[in-house]
Amino acid sequence: MAPPLQHPAPTLPPRAAITNRLREHLPPHTNYAGTSRITRVQYPGSRPTNGPLRYLTHRDQHGNVDGIANFRLPWSPTTDHAGMLVVEALEAANPVAYRALWGLLIDFDLTKAVVAAGRPRDEPLRWMLTNPRAMRITRQTDNLWARLLDVPRALTQRSYQTSGELRFTISDDQMCPANNRTWHLKADRSIATCVPTGETADLTITISALSSLYFGGMSARHLAYAGHITPHTDGAIGQLAGMLWTDCEPHNSFGF
């Protein structure tokens, strides 16, 4: 049974404040038991030409907001373009809130299509649908970039999916030449060290490839095939991929 709607709803705090709190619990992998509640709010300052801006908030059994979405139902003078629901943002701290918010958005009355821009590439929504092929990606663009300036500091400030160690050489960094050497990276999930070494490297990697891998969404094997990583020992690419990979893929929900 779907969580009940409450209307009229209380005034919401700014969306940024809510999403900042939600990000403390992301990525959304931890489930929990208990009842939940969705609240629908219409934002009074929205533009009528695009349809009023509405918010959905999901609350856990303690009444704390653990999910938020904002959407519009644009007005159209023709029936061909009527019945569209536009999701402008959706953030959830756990799978329960995620499924509840999307479950309501894709089940609105008199809605023929749901459009959502700026969503992650590995959106779980597809696997909620009876027909996963009904979800189509019509446009894809990049909205997240990284360039490592201090390699050892950057690699020791992130967590790692698996424990391991790797020796790698960088030799093409013209802007930050201090990065051009062989490094020994040793990681134990949340604790990592990265120090210079005179030992033989397991692989050579360009600074752009390492920067692309830093957030965990890029494939080390793809970069190797493209010539940005050269392995020197068996299994080096797999070790690099396993250490830097993350689940879910990194995603920037705010354009800048």
Side-chain angles (χ1 to χ4, degrees), residues 1-13 15 18-19 21-23 25-140 248-249 251 253-254:
M1 182 176 180
L5 286 174
Q6 289 192 338
H7 189 75
T11 303
L12 282 177
R15 175 177 170 240
I18 296 177
T19 53
R21 292 204 306 269
L22 293 180
R23 285 193 172 89
H25 305 282
L26 295 175
H29 286 163
T30 303
N31 206 335
Y32 60 88
T35 58
S36 59
R37 180 175 63 186
I38 288 181
T39 302
R40 181 172 61 187
V41 181
Q42 179 171 320
Y43 182 60
S46 58
R47 294 174 295 175
T49 53
N50 293 331
L53 180 63
R54 295 179 170 92
Y55 282 94
L56 295 175
T57 61
H58 184 275
R59 298 176 184 271
D60 61 20
Q61 68 271 31
H62 304 295
N64 299 317
V65 175
D66 59 358
I68 184 172
N70 59 302
F71 67 99
R72 299 179 188 270
L73 295 166
W75 177 83
S76 174
T78 65
T79 57
D80 292 340
H81 297 92
M84 178 181 295
L85 186 149
V86 179
V87 180
E88 296 191 354
L90 187 149
E91 300 282 353
N94 54 70
V96 172
Y98 180 90
R99 292 193 299 268
L101 291 170
W102 272 121
L104 191 149
L105 289 169
I106 63 178
D107 197 33
F108 254 78
D109 291 340
L110 305 178
T111 298
K112 297 188 298 185
V114 177
V115 178
R119 299 302 302 165
R121 186 173 60 174
D122 56 346
E123 181 75 76
L125 172 63
R126 181 183 299 276
W127 311 114
M128 288 176 55
L129 304 177
T130 303
N131 177 16
R133 295 183 181 89
M135 180 177 136
R136 293 178 295 169
I137 298 175
T138 58
R139 183 173 180 265
Q140 185 170 314
C248 306
E249 291 186 5
H251 172 63
S253 61
F254 290 89

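Nothing here was measured: the structure is a model prediction, and the numbers come from that model. Below, each value reflects all heavy atoms present in this structure, side chains not excepted, and no hydrogens, waters or symmetry copies.
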Does Met84 form a side chain to side chain contact (heavy atoms under 4.5 Å, CB included) with Val115? I'd like the steps, not just the answer.
CA-CA 7 Å; Met84 178 181 295; Val115 178; 3.8 Å; yes

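- When side chains are defined from C-beta on, Tyr55 does not count as touching Phe71, because their heavy atoms never get closer than 4.5 Å.
- Using a 4.5 Å heavy-atom threshold, the side chains of Ile106 and Leu85 count as separate.
- Side chains of Glu123 and Trp102 form a contact here, defined as non-hydrogen atoms less than 4.5 Å apart.
- Put simply, the side chain of Arg121 does not reach to within 4.5 Å of the side chain of Ile137, judged on heavy atoms.
- Between the CH2 atom in Trp127 and the CZ atom in Arg99 there is a gap of 16.0 Å [rounded to 0.5 Å].
- Met135 is listed as a side-chain neighbour of Leu125, based on a closest heavy-atom distance under 4.5 Å.
- Taking each heavy atom of His58 and Ala100 in turn, the nearest pair found is CD2-CB, 3.5 Å.
- Two residues are said to be in side-chain contact when any heavy atoms from C-beta on lie closer than 4.5 Å; Leu56 and Leu104 meet this criterion.
- When side chains are defined from C-beta on, Val87 does not count as touching Asn70, because their heavy atoms never get closer than 4.5 Å.
- In terms of heavy atoms, Asp122 sits closest to Glu249 at OD2-N, 3.1 Å.
- A donor-acceptor pair under 3.5 Å links the side-chain atoms of Arg119 to the main chain of Leu90, judged by distance alone.
- Taking CG from Leu110 and CG from Leu73, the interatomic distance works out to 10.0 Å, rounded to the nearest 0.5 Å.
- Residue Thr57 holds its OG1 atom at 11.5 Å from CG of Asn64, rounded to the nearest 0.5 Å.
- Side-chain contact between Arg72 and Glu88 is present, with heavy atoms from C-beta onward closer than 4.5 Å.
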